[in-house]
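First up is the structure itself, then whatever we jot down about it.
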Amino acid sequence: MDFNKLNENQKKAVLATDGPLLVFAGAGSGKTRVITYRTAYLIGEKKVPPFSIFAVTFTNKAAGEMKKRVIDLVGPEGNSVFIKTFHAASVYMLRNFGQGIGIPRYFSIYDDTDQQTVIKEVLLSMRLDPKKISLSMIASKISEIKDRAELIDGGDPARLLPDYFSFNFPEVYREYHSRMASLNALDFNDLLIKAVQLLKTDSRARETMQRMWSHFMIDEYQDTNHAQYLIAKLLAERSRNICVVGDDDQSIYSWRGADIKNILDFERDYPDAGVITLEENYRSTEPILTAASSVIKNNGKRKPKELRSVKGDGEPVVWCRANNEYGEAEYVVNTITGLKRSDGFKNRDFSVFYRTNAQSRVFEDHLRKENLPYRVVGGLKFYDRKEIKDIIAYLRFIANPLDIVSFLRIINVPARGIGRTTLDRIRAAAAEKNMPEWLLISEGSLDKPPKGIDEFVKVISRSMEISRKIPEIKLSAFVNDVINESGYRAMLEGENTTESESRLENLEELVNGAYDYENSNRDATLEQFLQDISLLTTEENPETDPENRDNCVTLMTVHNAKGLEFPVVFLTGMEEDTFPHRLSVDTEEGIEEERRLCYVGITRAMERVYLVSADIRRSYAGVFYKQPSRFISEIPENIMESVFHASNDFSGNGFSGQDGSRSGDAPRDTGSMFSVKERVMHPKYGPGRIERIEGEGDNIKLTIAFTSGKKTFLEKYTPLEKMP
DNA sequence: TTGAGGCTTTCAACA
DNA sequence: AAAGCCTCAA
């Protein structure tokens with residue numbers, strides 16, 4: 001093994017494979033390199049079998065990246081190293097060892113939306129009004145309790161109760177979980193909590209796993225919550241070969257219960273732990289690091305430390321003020337094209353970061369217009385799209401007929417003449433006879449079933465039979481079959497709109513996804529497929545041209561960027577109330593976390609950083625005049641170059657009627673970005689012409705004449721595109 | 001009783 | 001864009 005690529009401290013961290021080790025790794029200090037080399041060293045020199053090495057990171061993206069780099073280093077053997085996210089690791093443990101604590105071999109995994117459906121049912125059953133009580137508030141309260149692993153040993157939710165709830169929260173908490181159990185479903189937090197419970201209570205399972213894995217590595221340790229901390233601790237209890245890597249400056253998940261205390265607890269749990277600090281930064285040039293550290297040093301609560309740039313001098317950090325969000329996107333795209341021409345950068349060298357997913361659309365539009373291939377990580381996830389969720393719901397219900405949330409979603413999609421009343425009858429009868437809904441309707445125990453029920457039962461039972469033959473029958477063929485037999489494809493084909501076209505394409509993508517999956521997991525069942533995709537959040541590349549597949553501009557939230565690096569980084573939306581986000585500015589802790597997030601963003605860059613802010617930004621909430629982010633003013637002026645860019649793109653999405661030459665220019669009239677008589681494209685109704693503009697600010701109404709007739713929309717909710 | 005159409009509301013970050 | 005609620009025609 002070639003140790004020449006490591007510095008002294010990195011080498012120490014690689015070699016210290018026996019016993020506990022705590023690595024403080026600053027941004028760009030070669031953390032991933034340490035983990036991959038450590039893995040290679042364990043396999044190559046220490047003769048540890050690859051499957052005995054357990055590594056967890058935080059995001060799918062980071063886990064994928066790490067796996068790739070391990071394989072690069074050790075060859076195909078690297079495939080058997082266990083590298084996953086905490087959640088995926090938990091699913092693995094529960095699926096294979098959880099039966100002792102009552103976890104079935106297959107369970108549905110519920111995301112936020114599914115979770116809220118269940119909470120809503122709970123509220124209704126308690127005669128509480130879901131309109132008056134915020135579902136997301138309850139969901140986040142439930143998560144918070146579980147993130148902290150508070151009730152793992154039984155315990156009473158009332159003990160943890162904030163008394164400002166106007167209703168019986170403990171009962172909601174209990175009822176929610178009892179319903180989840182009867183649905184045979186776990187939410188994301190449950191995955192972790194149940195894994196802890198499994199490791200705590202089932203000594204046989206625990207010992208098996210403790211023997212199976214001998215060496216543990218936990219990446220992004222500063223972002224683990226208490227449940228994750230316990231999982232790591234319990235697994236490593238026996239071998240004590242546990243290496244955690246973290247950086248307090250990059251802690252950006254406190255809203256998910258991440259607790260910096262875990263680092264302190266680590267030193268308490270393992271007083272003999274070795275401690276290594278990596279402070280040499282190999283990633284970024286001097287100006288980038290100076291900018292990053294001048295921002296982060298405004299945080300009061302932090303261990304003071306200074307990263308040293310190995311790379312040395314480079315281009316200054318650039319701050320661009322754009323007139324509005326279109327100017328912002330235009331500037332980004334222009335800069336990309338410019339740098340490609342002048343400095344030979346490739347598409348894949350660029351990444352555009354933003355604070356919230358909603359900001360991605362304008363960039364996508366501009367990139368498309370310039371024919372620059374791009375890839376969006378996360379965001380409106382592929383699996384969040386309606387048509388995908390519908391088909392997945394079919395698959396889930398086929399795999400788990402207790403999954404009533406999925407049942408409700410699909411029973412009448414496509415329309416089978418089953419409405420409110422029939423559903424109420426089904427559910428009442430099921431409750432009365434104390435039998436699952438599926439059993440009730442499939443055995444014909446429902447009085448006077450409407451015709452649609454028959455159809456539905458036929459479709460599902462047929463698919464259930466076929467699904468048992470997977471993998472002999474191909475998974476992808478099966479998925480395709482469900483799309484057809486359910487009538488879903490026919491329904492979309494019947495609509496025959498631009499929108500239904502694209503939904504059909506998305507379903508094709510789903511079938512392709514299943515095809516890829518069956519090829520890399522030869523003996524995978526439907527159940528495995530479903531569980532794996534429930535944990536998947538990063539969208540696959542919309543770029544289908546194989547030539548561009550690996551050479552795309554990357555778009556993602558700053559959160560998603562953690563653990564990654566790019567030659568050129570654009571940090572966009574650098575405005576007060578956007579970044580830092582408006583929901584964080586009220587508390588000092590909130591601001592400090594946003595600042596760490598900003599630090600993470602800047603330190604992803606190897607060669608160039610562009611900070612971009614818009615003077616005016618339009619969002620769902622209206623039109624806002626924005627102040628540049630406070631983080632920009634924290635960077636000394638003498639290391640930053642300032643430019644201004646105004647969009648003067650009339651044919652495209654710029655504000656019309658403006659020359660955009662001065663900063664702070666506001667739309668003069670209503671603030672609409674359209675003008676009367678202008679031609680526009682609507683995704684559903686096709687081409688049309690603006691007839692009338694009424695109202696102002698966030699209440700602009702557009703009347704548009706389509707070939708099919710006139711329609712009126714609220715501008716801020718309508719995805720219109722301008723046509724030349 | 002269903003389902004289509006209109007109107008309203010919602011939108012922070014990840015698994 | 002999507003989902004929930006309401007009204008109204010069939």
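Below, chains carry the letters A, B, ... as their sequence lines are ordered, and counting in each starts from 1.
Phosphate proximity of B:dC14 to A:T557: present, with a side-chain N or O under 4.0 Å from OP1 or OP2. The side chain of A:N412 contributes an N or O atom lying less than 4.0 Å from OP1 or OP2 of B:dG3. For A:T422, a side-chain nitrogen or oxygen approaches OP1 or OP2 of B:dT2 to under 4.0 Å. The side chain of A:R256 places no N or O atom within less than 4.0 Å of a non-bridging phosphate oxygen (OP1 or OP2) of B:dA12. Contact check, A:N357 against B:dC14: a side-chain N or O comes under 4.0 Å of OP1 or OP2.
Among the nucleotides B:dT1, B:dA12, B:dA15, the one closest to the side chain of A:D112 is B:dA15. Side-chain proximity of A:R503 to B:dG3, C:dA2, B:dT1: nearest is C:dA2. Side-chain proximity of A:E594 to B:dA15, C:dG4, B:dA12: nearest is B:dA12. Proximity note for A:R355 (side chain, C-beta onward) versus B:dG3, B:dA13, B:dT2: the nearest is B:dA13. Distances were taken from every side-chain heavy atom of A:N60 (C-beta onward) to each of B:dA15, B:dC14, C:dC5; the shortest belongs to B:dA15. Of the candidates C:dA3, B:dT2, B:dC14, C:dA3 carries the atom nearest the A:R409 side chain, counting heavy atoms from C-beta on. The side chain of A:R582 lies closest to B:dA12 when the candidates are C:dG4, B:dA12, B:dC14. Comparing B:dA15, C:dG4, C:dA3 by their nearest atom to the side chain of A:N560 picks out B:dA15.
For A:H559 and A:G419, each mapped to the nucleotide of DNA chain B holding its nearest heavy atom, the one lying further toward the 5' end belongs to A:G419. The residue among A:L583 and A:A415 whose nearest nucleotide of DNA chain B is located toward the 5' end is A:A415.
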Please assess A:Q359 against A:T356 for the test side chain to side chain donor-acceptor pair (under 3.5 Å), listing each intermediate value before the final yes or no. CA-CA 6 Å; A:Q359 288 164 252; A:T356 64; 2.9 Å; yes

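Figure legend: cation-pi geometry between A:K233 and A:Y229 absent, as NZ or CZ is not positioned both under 6.0 Å from the six-membered ring centre and within 45° of its axis.
Checked against the 6.0 Å centroid criterion, the rings of A:F570 and A:F363 do not qualify as a close aromatic pair.
Looking at heavy-atom distances under 4.0 Å, A:R596 makes no contact with the nucleic acid at all.
Expressed to the nearest 0.5 Å, how far CZ of A:R355 lies from OG of A:S584 amounts to 5.5 Å.
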